[in-house]
Amino acid sequence: MERTLVICKPDAVERGLVGEIIGRFERKGLRIAAAELRTLDRDVLARHYAEHVGKGFYDDLVAFMSRGPVLVAVVEGPGDAWSVVRQMMGATDPMKAAAGTIRGDFGTMVTENLVHGSDSAESARREVAVFFPGLRRE
Ligand code: DAT
Ligand code: MG
């Protein structure tokens, strides 16, 4: 079993789409290993989004990601769970994301694209440790 980090972003919580998003992962056959509703601050977002600090969109990204609660979850499954989650999320820009993906079905704005998923096995390990440092393997 491999683990990956998923965040249902503030727009997903505001729009009542958390159940829809998590339900898709569950129906696929992935399992929720940890989940918590949290409001993220600038410091944890700088650790999570370390590769984006200083980019043109970074301040808007932090403002958006901290404007309300998010559902942070660890999702696990056989093989590359991070890759399965990324396929189910769709492209970063919801207007380019394929129908049938979460972003393709529910989003219109790159700035409010509903869901985060780790982009590699290494990112998954790092991001799970940022949000759930004490999480043990069952
Ligand atoms: P992803 O979330 O698909 O992994 P990313 O890691 O490149 O995409 O970027 C993180 C988030 O930052 C993304 O979900 C939305 C925002 N973002 C990325 N590129 C952007 C851009 N050009 N303009 C505005 N927001 C952007
Ligand atoms: Mg990313």
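Order of appearance sets the numbers: ligands from 1, and atoms from 1 within every ligand.
Against a heavy-atom cut-off of under 4.0 Å, Lys9 is close to the following atoms of ligand 1: 14 (O). Within the listing of ligand 1, atoms 1 (P), 2 (O), 3 (O), 14 (O) sit less than 4.0 angstrom from a heavy atom of Arg103. The Asn113 neighbourhood of ligand 1 comprises atoms 13 (C), 14 (O), 15 (C), with distances under 4.0 Å to a heavy atom of that residue.
Contact annotation: for Arg86 versus ligand 1, heavy atoms closer than 4.0 Å belong to the side chain alone. In Met89, neither the side chain nor the backbone holds a heavy atom less than 4.0 Å from any atom of ligand 1.
Counting only distance, with no hydrogens or angles, the side chain of Asp105 and the backbone of Gly100 share a donor-acceptor pair below 3.5 Å. Asp60 contributes no side-chain N or O that, together with a main-chain N or O of Ala63, makes up a donor-acceptor pair within less than 3.5 Å. Looking at Asn113, its side chain never comes within 3.5 Å of a backbone N or O of Asp93 through a donor-acceptor pair. Proximity of a side-chain donor or acceptor of Arg103 to a complementary backbone N or O of Val115 within less than 3.5 Å is detected. For the pair Ser118 (side chain) and Leu5 (backbone), a donor-acceptor distance under 3.5 Å is present. Judged purely by atom type and a 3.5 angstrom limit, Arg24 has no side-chain atom pairing as donor or acceptor with the backbone of Gly19.
Among Leu114, Val110, Thr111, the residue whose heavy atom lies nearest to atom 15 (C) of ligand 1 is Val110. Among Asp60, Leu61, Ile7, the residue whose heavy atom lies closest to atom 11 (C) of ligand 1 is Leu61.
Protein heavy atom in closest approach to atom 22 (N) of ligand 1: Phe57 CD2, 4.0 Å. The single protein non-hydrogen atom nearest to atom 1 (P) of ligand 1 is Thr92 OG1, 3.5 Å, given as residue, atom name and distance. Nearest protein neighbour of atom 6 (O) of ligand 1, counting heavy atoms only, is His52 NE2, 2.8 Å.
Geometrically, Arg3 does not engage Phe131 in a cation-pi contact defined by less than 6.0 Å to the ring centre and at most 45° from the axis.
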